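Working notes, beginning with the structure itself.
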Amino acid sequence: MDISILRHSASHLMAMAIKRLFKEVHFGIGPAIDDGFYYDIDLDKRLEPEDLIKIEEEMKKIVKEGLPFERIEITRDEAEKFFLEKNENFKVEIIRDLPSDVKIVSLYRNGDFVDLCRGPHVDNTKDIKYFKLLNLAGAYWRGNEKNKMLQRIYGTAFFKKEDLDEYLKFLEDVKTRDHRILGKDLKLFSTSEDIGPGLILWHPKGSIIRHIIETFWKEKHFESGYELLYTPHIGRAFLWETSGHLGFYNENMYAPINIDDQNFYIKPMNCPFHILVYKNSLHSYKELPIRYAELGTVYRYERSGVLHGLMRVRGFTQDDAHIICKKEEVKDEIKRVIDFCLFMLKTFGFSEYKIFLSTRPKEKYVGSLEDWQLAEESLEDAIKSSGYEYDIDDGGGAFYGPKIDIKIKDALKRDWQCSTIQFDFNLPERFDMSYIGSDGEKHRPYMIHRALLGSIERFFGVLIEHYKGAFPVWLSPEEVRILTINENHEKYANEIFENLKNKKLRVKKDFTNEKLSKKIRDAQLEKVPYMIIIGDKEIEHNTISIRTRQNKNLDIKNVDDFLKYILEKVENKDIEI
RNA sequence: GCCCAUGUAGCUCAGUGGUAGAGCACUUCCUUGGUAAGGAAGAGGUCACGGGUUCAAGUCCCGUCGUGGGCUCCA
């Protein structure tokens, strides 16, 4: 049996328990979702976490009562009348909105509790054994903020106790990986009330990681035929009128800054600037494709309620690029981008992907149908020839072009969307971009907009959670820490330190007046991959002892051997230490 | 933005109307210790901010800001 049936039944079970505990309650919808189920309810009393426990207990009672799920079919008119009498207006609304060809609706009954439901369900409440209510939230009726705010209760249910336990453990694991907590503990980044929400302060340890990411990124972009750009953070209103952003992206843009009686806007995207670099001179078809890349910092207004650590912020840096090319180059360029993208993601330790192709929206779109067809085919061909599986999100493209989104799976198998490859029919037209073809005439180039890591902030957040803060050596803010046992060992330890330092390793000393076990604990909590321990034995034999953050001692005793070992790990960007 | 919760030392948190607390971190001293916390002392707070109720507010009420869980949208 499908688990969603069990969860859907659990949602009925919960509703029944709520109805027993709180008489004056009205029900919205209560579906099964990916990880469990929820029910939206309209209740005057504000539910508190303790209420969840009470509801859960009531649910257990109903399970014991062993009430069968009984399917009743009636006409929609009868159903409407039934729920009208019960004052269940949300249900009435659902029935009224059913397609006109639906004549018969089904109800499910357990004892005296009846709910509108398509079903199917488990046979009996006693089949719902392993469940847990998880959290409370507000949710608008039908997801529309103009509607009434209901109280939503989330829960989950499983067939087997082990599965429920495993899921609860997963939730705990998610908590211990939270990048906001780790970011604070490991001193990677912070936000400040004095600066404002959604604006990130990168601390030295986070900044060094960002520097490594960006340096690697630039290197690989040069190798892949990109040219690097730096562009301003603000631009005249005229620019954003031309690009159309003031029209279609206005609600994400900040109010203008008035300078010498002219309005300037903080950039929410980099594209217009890249286009103006292109337009600064005439281009021959021989120059194409042109690939402009920039780590461009943009600012977008996001509603306060959606901000979340590094994952959703108001100021962020996109690893942006715009590829300007001829029609016949499109397919090849897309393929190159996909390969490049997957190479980058893989280097950072992500090797499972989901690829989505989003096609032309049904109504609002720019560009000709031919253009769309070419673009969609090119995107699809490129994915196919890369040999990856993909799903099609029909009608999910932007109005200015179709796109490919790549979602990565992290260590907990959660999906994250970072990469996006988007076709743009809009901007080349609006900015009247052109190149001179072999016929001596002007032609309109095609433009592809892409971000591989997406935003550096979000990508960093995903990295932190993926590695639980224990980064591979090449990304670790501190690669090695040298610990002495007492002050007599400092001179020798300093020699080792200088030796590693000379090889550009990020190494720190802990010569503090503490016991070794304390120093190890400190290094361990900071997730430093390698600890070098120096005591009498090491000095006597001219060796080092190396402990890894995985509580293991390396066999290597010789400094040069260790250097060879670690530098190879760094060079190869090994995930394992 | 909306609903709910929440904001006390750098961090984690206790403190339900009557003289601001603990642990960790920090500073100093003692200790010279071999693989996840040695000991002592010290310093550290306009209890987010602004109003109000009260003889008295960290505590009760209102507002603002921040944070968290969601709704909607997205990198």
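Treat the numbers as computed from the prediction; the structure is a model and nothing was measured. Chain naming here is simple, since letters A, B, ... match the order of the sequence lines and numbering starts at 1 in each. Reckoned from all heavy atoms, side chains included, excluding hydrogens, waters and symmetry mates.
- At the heavy-atom level, A:Val298 lies nowhere under 4.0 Å from the strands shown.
- Taking every side-chain heavy atom of A:Met149 into account, B:C3 is the closest of B:G38, B:G34, B:C3.
- A:Asn135 has its CG atom 8 Å from the C1' atom of B:G70, to the nearest Å.
- A close approach under 4.0 Å does occur between a side-chain nitrogen or oxygen of A:Tyr301 and OP1 or OP2 of B:G1.
- Looking at A:Arg291, its side chain never comes within 3.5 Å of a backbone N or O of A:Glu333 through a donor-acceptor pair.
- B:C60 and B:U16 are spaced 9 Å apart, taking the C1' atom of each and rounding to whole Å.
- Checked by atom type, the side-chain pair A:His203/A:Ser190 shows a donor-acceptor distance below 3.5 Å.
- Within 4.0 Å of A:Asp522, counting heavy atoms only, lies no atom of the nucleic acid at all.
- Nucleotide B:G42 has B:C26 as its partner under the Watson-Crick or G-U criteria, with both atom distances under 3.5 Å.
- Using Watson-Crick or G-U wobble geometry with both donor-acceptor distances under 3.5 Å, B:A9 finds no partner in any strand shown.
- With rounding to whole Å, A:Asp194 atom CG is found 15 Å from B:G7 atom C1'.
- Looking at A:Glu526 and A:Lys187, no side-chain N of the basic residue comes within less than 4.0 Å of a carboxylate O on the acidic one, giving no salt bridge.
- Looking only at atom types and distance, the side chain of A:Ser455 has no donor-acceptor partner in the side chain of A:Gln318 under 3.5 Å away.
- Rounded to whole Å, the distance from CE on A:Met269 to P on B:C74 is 11 Å.
- Comparing B:A75, B:G1, B:G38 against the side chain of A:Lys515 picks out B:G38 as the nearest.
- Taking 4.0 angstrom as the limit, A:Lys518 places a side-chain polar atom (N or O) nearer than this to OP1 or OP2 of B:A25.
- For A:Ile485, taking side-chain heavy atoms from C-beta onward, the closest of the listed nucleotides B:G69, B:G33, B:A36 is B:G33.
- For A:Ser304, the side-chain atoms get nearest to B:G1 when compared with the rest of B:G1, B:G33, B:G69.
- In this structure, the OH atom of A:Tyr140 is 12 Å from the P atom of B:C73, given to the nearest Å.
- One interatomic measurement links the two molecules: CZ of A:Phe356 to P of B:C74, which rounds to 15 Å at whole-angstrom precision.
- Checking B:U54 for Watson-Crick or G-U wobble geometry (two distances, each under 3.5 Å) identifies no partner in any strand.
- The shortest distance between the side-chain N/O atoms of A:Arg180 and the OP1/OP2 oxygens of B:U67 is not below 4.0 Å.
- Nearest to the side chain of A:Arg521, among B:A37, B:G33, B:G66, sits B:A37.
- Ranking B:G66, B:U32, B:A75 by closeness to the A:Glu487 side chain, first place goes to B:U32.
- An OP1 or OP2 oxygen of B:A75 is reached within less than 4.0 angstrom by a side-chain nitrogen or oxygen of A:Gln422.
- Summarising the base pairing, B:C2 is matched to B:G70 through a Watson-Crick or G-U wobble pair whose two defining distances lie under 3.5 Å.
- No engagement by A:Thr191 is indicated, since no non-hydrogen atom pair under 4.0 Å with the nucleic acid exists.
- Base pairing of B:G63: its partner is B:C49, meeting the Watson-Crick or G-U wobble criterion (both donor-acceptor distances under 3.5 Å).
- For the P atom pair drawn from B:G63 and B:C3, the interatomic distance equals 11 Å after rounding to whole Å.
- Applying the 5.5 angstrom centroid cut-off and the 30 degree plane-angle cut-off, the aromatic ring of A:Phe316 is stacked upon the base of B:A75.
- Taking the C1' atom of each, B:C29 and B:G66 are spaced 41 Å apart, rounded to whole Å.
- Residue A:Asp185 contributes atom CG, which lies 16 Å from atom C1' of B:A36 at whole-angstrom precision.
- In this structure, A:Tyr154 reaches the B:C71 phosphate: one of its side-chain N or O atoms is under 4.0 Å from OP1 or OP2.
- At a threshold of 4.0 angstrom between heavy atoms, the contacts of A:Arg303 include nucleobase atoms, whether or not backbone atoms are also involved.
- Taking each heavy atom of A:Met253 and A:Pro268 in turn, the nearest pair found is CG-CG, 3.5 Å.
- Looking at every heavy atom in both residues, A:Leu452 comes nearest to A:Ser419 through O-OG, 2.5 Å.
- Pair assignment for B:U32 gives none, since no Watson-Crick or G-U wobble pairing has each distance under 3.5 Å.
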A:Glu576 vs A:Lys569, salt bridge (Lys or Arg N to Asp or Glu O under 4.0 Å): CA-CA, chis, key distance, verdict: CA-CA 8 Å; A:Glu576 302 296 328; A:Lys569 294 255 177 210; over 6 Å; no
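- Of the candidate nucleotides B:G33, B:A75, B:G34, B:G34 has the atom nearest to the side chain of A:Lys537.
- For A:Ser517, the side-chain atoms get nearest to B:G38 when compared with the rest of B:G38, B:U67, B:U72.
- Considering only heavy atoms from C-beta on, A:Trp141 comes within 4.5 Å of A:Ile29 through its side chain.
- In this structure, CD of A:Glu302 is placed 18 Å from C1' of B:G66, rounded to the nearest angstrom.
- Phosphate contact (OP1/OP2 of B:G69, side-chain N/O of A:His308, threshold under 4.0 Å): present.
- Side chain of A:Glu514, nearest nucleotide from B:C74, B:G1, B:G38: B:G38.
- Protein atom NE2 of A:His179 is 13 Å distant from nucleotide atom C1' of B:G68, rounded to whole Å.
- For A:Gln524, the listed nucleotide lying nearest its side chain is B:A36; candidates were B:A36, B:A75, B:U32.
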